[in-house]
Each structure stands twice: as structure tokens, then as C-alpha cells.
Amino acid sequence: MTLDLPARPPFSLRAVARSHGWFSLAPYGWDDSTESLSYVARPGSGRVVEIVIQESASGVRIQADDSLSEPEWGEIADRVAWMLGLEQDLSTFYDLARKEPKLAHLEEQAQGRILRSPTLFEDGVKTILTTNTSWAGTIRMVTALVSQYGAPLPSDPSRRAFPSPNELAATDEQTLRSEARLGYRAPFVLELARSVATGILDLESLRSPSIPTAELRKRLLAIKGIGEYAAASLLMLLGRYDFVPVDSWALNMVSHEWYEGQPIGRGEVEQAFEQWGEWKGLAYWFWDWSSASQA
DNA sequence: GGTAGACCTGGACGC
DNA sequence: GCGTCCAGGTCTACC
């Protein structure tokens with residue numbers, strides 16, 4: 001069975017899927033030959049299903065198991081709309097980007113949306129697993145979490161859903177260290193899972209657009225394991241672009257773009273994009289760094 | 001508010 | 001094959 005969802009133009013599935021590395025983290029998958037994005041989902045019914053998303057004339061077409069119920073389809077439609085930001089309106093940003101040579105191509109290429117997970121819990125855990133490690137390390141840790149704690153897809157048990165807060169909360173720090181090899185991040189992931197599982201932390205409520213960005217950032221920073229970089233990254237996933245996720249790569253790029261390769265700090269990165277105001281993070285994210293990266 | 005050191009892991013490197 | 005060094009953000013203790 002298939003379901004069509006409209007997207008606010010301009011839209012490109014490839015542009016969203018490849019907006020950052022999330023597409024290569026389980027349980028996502030990207031097939032270059034068919035230009036399709038897959039995801040092993042687990043709606044509230046508890047059933048594990050694979051959904052395959054392809055671009056259509058007006059948005060996307062979702063393909064999934066024929067036996068899905070109407071409520072399950074409804075839930076999947078809502079989640080896909082969130083994951084791909086189908087309704088996001090970036091017209092104000094495009095108006096500004098048109099005047100900047102390093103960003104002028106974005107609207108034509110339908111770039112600007114950032115791929116996210118269906119839940120903020122999943123994005124939170126994955127973001128913690130991007131900190132203080134290489135990208136290969138992030139892939140390894142996420143793969144380990146999904147393969148060891150995620151519910152299997154009945155038609156292909158080698159593929160699994162992302163573990164729920166309850167599933168991760170049921171394990172212990174030592175196991176996360178020794179088997180999933182999360183290192184010192186293990187207690188952070190465990191505490192996050194337990195806080196969400198017990199209801200102490202209502203993470204998904206942070207998706208509400210009514211929460212001021214400053215307040216949202218404060219709440220994210222209160223989560224152990226989430227510092228300034230991770231909070232800015234999560235704010236970006238929540239559609240708040242007021243902060244730049246400054247990591248070592250950002251320092252290097254901004255240094256070569258504007259400071260002749262000299263050592264710089266977080267302040268210089270923020271300053272470099274200050275003029276972009278509420279679009280600061282997005283301008284940084286999609287900046288054409290080709291000249292800086294060749295330096 | 002700012003800073004130093006510890007936290008883990010895997011990869012690169014030298015022997 | 002083994003040991004050492006390094007890169008990657010966040011936390012805690014301390015000033």
C-alpha cells in the first residue's frame with residue numbers, strides 16, 4: 001500500500017535525506033539507485049514495519065506493509081511529515097540567501113530542510129553519540145544500540161527499529177559500556193532513557209513551537225551529556241536556527257574562511273554568522289565551504 | 001564566568 | 001603485535 005503526502009515547494013527528497021549524516025545511521029537507509037529513503041518504524045501499536053519513501057510530483061510517496069491499519073498509517077504520515085519537514089516554510093530564509101553568493105543556490109536546489117528522527121528521544125540519543133567521537137564512532141555506537149536493543153523487523157530480523165526509552169531504560173550502564181561500547185556516554189544515554197521512560201522528562205513536548213528558543217535551549221542543556229554543541233544541533237532539528245552548533249569542524253572551516261587558518265574560538269564562529277539572526281544556524285549549515293575545505 | 005583535567009574509543013604511528 | 005599519542009564535546013571541581 002502507498003500513501004502520498006504533499007510538501008511545501010521547493011522540495012527535494014534527496015536534498016533532505018542528504019542534508020547531514022542521519023541518513024546513514026540505523027534504522028535509516030538510503031538507496032542511491034532508486035533515490036529512496038527507508039526507515040524501520042515502530043508505531044504506537046508496537047508493530048515493526050519498514051517504510052520506503054520516494055519523491056512524487058507534489059511531495060513524497062510512502063510505501064509500507066499492506067496490513068497496516070488506518071491509525072497506524074495516520075501515525076506514520078505524521079511522523080514522515082515531521083522527519084522530512086514537509087510543511088516547513090523557508091521562504092524568508094531563501095529571500096536572504098538569494099543575496100549571498102555562498103547560499104544563493106539553496107532555493108533552486110531545494111536545500112534547507114534537515115532530516116530528523118521521528119522522535120526527539122531518538123535525535124537526542126544520536127546527538128549525544130556524535131559528541132567527542134569520530135563519525136565512524138557514531139555509526140558504530142548507533143548500530144550497536146539498534147542491533148542490541150531495537151525490536152526486529154519480522155520480514156528481516158537483521159533490521160531493527162530504534163530502541164524505545166523503555167527498552168534502553170531496562171538495561172544498565174555496565175552493559176551499555178561493555179556491549180554497545182558507548183564509553184563514558186553510557187550513563188548519559190541511560191539517564192535520558194530512564195527520565196523519558198518514567199515520565200520525569202517529557203522530551204516530545206519540546207517540539208512545541210510555543211516554547212521560546214531561549215527556554216528550549218535551557219531545557220536541552222539541563223540534560224546530562226548535552227552541552228552547547230549538542231543543544232544547538234537539537235535546536236536546529238527542532239527548526240530553531242538561532243545558534244550555531246560549534247564543533248571542531250566548524251572552528252576549522254570558519255578559521256580558513258575568514259581568519260586565514262589562525263586558531264579561533266566559539267565566539268568567532270557565532271560572530272561570523274551574527275548577521276543571519278534567527279537563520280544563523282541554517283546559514284552555517286548550508287554555507288558553501290568549498291574554498292575553506294580546500295585550504 | 002572562565003579554565004583545567006578527566007572521561008572512552010578507535011585510528012594512526014613508531015618500534 | 002604492542003605501546004603511545006591524538007582527536008572528538010561535556011562534565012566537574014576549582015578559582
Side-chain angles (χ1 to χ4, degrees), chain A residues 20-22 24-26 114 116-117 120-149 163 168 171-196 200-201 203 206 213-238 240-257 259 261-274 280-281 284-285 287 289 292-295:
Chain A
H20 64 138
W22 257 213
S24 58
L25 293 180
I114 298 175
R116 45 197 173 193
S117 304
L120 191 53
F121 172 70
E122 182 175 332
D123 275 336
V125 170
K126 285 179 172 175
T127 299
I128 288 174
L129 299 185
T130 65
T131 60
N132 206 25
T133 188
S134 62
W135 182 243
T138 300
I139 293 176
R140 174 187 56 75
M141 289 185 273
V142 172
T143 301
L145 277 190
V146 171
S147 63
Q148 290 172 31
Y149 301 102
L168 285 182
T171 185
D172 60 80
E173 182 184 326
Q174 194 49 47
T175 308
L176 285 176
R177 281 178 183 270
S178 61
E179 294 186 11
R181 304 197 73 74
L182 302 192
Y184 71 91
R185 302 167 198 81
F188 300 152
V189 169
L190 190 59
E191 183 173 329
L192 179 59
R194 288 183 173 165
S195 298
V196 173
I200 293 172
L201 176 63
L203 205 51
L206 300 187
T213 302
E215 170 64 20
L216 194 50
R217 179 169 179 268
K218 195 174 151 189
R219 293 200 209 172
L220 290 170
L221 286 171
I223 299 169
K224 287 276 179 63
I226 293 181
E228 297 201 27
Y229 158 78
S233 294
L234 286 169
L235 284 174
M236 296 266 292
L237 293 174
L238 288 165
R240 315 291 185 102
Y241 311 114
D242 310 60
F243 296 89
V244 177
V246 181
D247 58 5
S248 57
W249 189 87
L251 292 170
N252 190 37
M253 288 300 107
V254 170
S255 166
H256 282 98
E257 187 83 350
Y259 293 89
Q262 296 301 306
I264 60 168
R266 179 186 305 275
E268 282 82 359
V269 177
E270 293 282 351
Q271 182 60 39
F273 290 94
E274 195 59 44
K280 203 192 285 182
Y284 157 76
W285 199 260
W287 195 260
W289 296 107
S293 57
Q294 286 164 9

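Note that this is a predicted model, so its numbers are computed, not measured. Order of the sequence lines fixes the chain letters, A, B, ..., with proteins taken first and strands second; residue numbering starts at 1 for each chain.
Rounded to the nearest 0.5 angstrom, Glu191(A) CD and Ile128(A) CD1 are separated by 9.5 Å. In this structure, CG on Leu203(A) lies 5.0 Å from CD1 on Ile223(A), to the nearest 0.5 angstrom. Of the inter-residue distances, the one linking Ile200(A) atom CD1 with Leu192(A) atom CG reads 11.5 Å to the nearest 0.5 angstrom.
Among residues at least two apart or in separate chains, salt bridge (Lys or Arg N to Asp or Glu O under 4.0 Å) pairs with a member in residues 123-149 of chain A are Glu122(A)-Lys126(A). Screening residues 178-189 of chain A for salt bridge (Lys or Arg N to Asp or Glu O under 4.0 Å) gives no qualifying pairs among residues at least two apart or on separate chains.
Here Arg177(A) pairs with Glu173(A) in a salt bridge; the nearest charged N to carboxylate O distance falls below 4.0 Å.
Across the protein-nucleic acid pair, Ile128(A) atom CD1 and dG9(C) atom C1' stand 11 Å apart, rounded to whole Å. Going from atom CD of Glu228(A) over to atom P of dG9(C) covers 13 Å, rounded to whole Å. Atom CG of Leu192(A) and atom C1' of dT10(C) are 15 Å apart (whole Å). Atoms CG (Leu251(A)) and C1' (dG9(C)) sit 11 Å apart, rounded to a whole Å. At whole-Å resolution of the value, CD1 in Ile139(A) and C1' in dG8(C) are 15 Å apart. Atom CZ of Arg266(A) and atom C1' of dT10(C) are 10 Å apart (whole Å).
Remark on the helix from dG1(B)-dC15(C) to dC15(B)-dG1(C): inter-end axis angle 30°, axes from five-pair C1' superpositions, rounded to 10°.
Using a 4.0 Å heavy-atom distance criterion, Ala186(A) is classed as making no nucleic acid contact.
For the salt bridge (Lys or Arg N to Asp or Glu O under 4.0 Å) test, residues two or more places apart in sequence or in another chain that qualify with Arg217(A) are Glu228(A). Trp285(A) pairs by the side-chain hydrogen bond (donor to acceptor under 3.5 Å, both in side chains) definition with nothing, not counting sequence neighbours. Residues satisfying the salt bridge (Lys or Arg N to Asp or Glu O under 4.0 Å) criterion with Arg194(A), sequence neighbours excluded, are absent altogether. Partners of Arg240(A) under the salt bridge (Lys or Arg N to Asp or Glu O under 4.0 Å) rule, at least two apart in sequence or in another chain, do not exist in this structure. Looking at residues two or more places apart in sequence or on another chain, you find no side-chain hydrogen bond (donor to acceptor under 3.5 Å, both in side chains) involving Tyr284(A). Remark: Lys224(A) engages no residue in a salt bridge (Lys or Arg N to Asp or Glu O under 4.0 Å) (not counting sequence neighbours).
Classification of the Tyr184(A)-Phe188(A) ring pair by plane angle, with boundaries at 30° and 60°, yields perpendicular.
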Under-3.5 Å N/O pairs linking protein and nucleotides 12-14 of chain C:
none

Scan nucleotides 7-11 of chain B against the protein and return all N/O pairs shorter than 3.5 Å with their distances rounded to 0.1 Å.
| from | atom 1 | to | atom 2 | distance (Å) |
| --- | --- | --- | --- | --- |
| dC8(B) | OP1 | Arg177(A) | NH1 | 2.5 |
| dC8(B) | OP1 | Arg177(A) | NH2 | 2.5 |
| dC8(B) | O5' | Arg177(A) | NH1 | 3.2 |
| dC8(B) | O5' | Tyr184(A) | N | 3.4 |
| dT9(B) | O3' | Arg140(A) | NH2 | 3.4 |
| dG10(B) | OP1 | Arg140(A) | NE | 3.4 |

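Annotation: proximity of residues 213-223 of chain A to DNA chain C (heavy atom, distance under 4.0 Å) is found for Ile223(A), numbered in ascending order.
Remark: Ser248(A) is in phosphate contact with dG8(C), judged by side-chain N or O atoms under 4.0 Å from OP1 or OP2.
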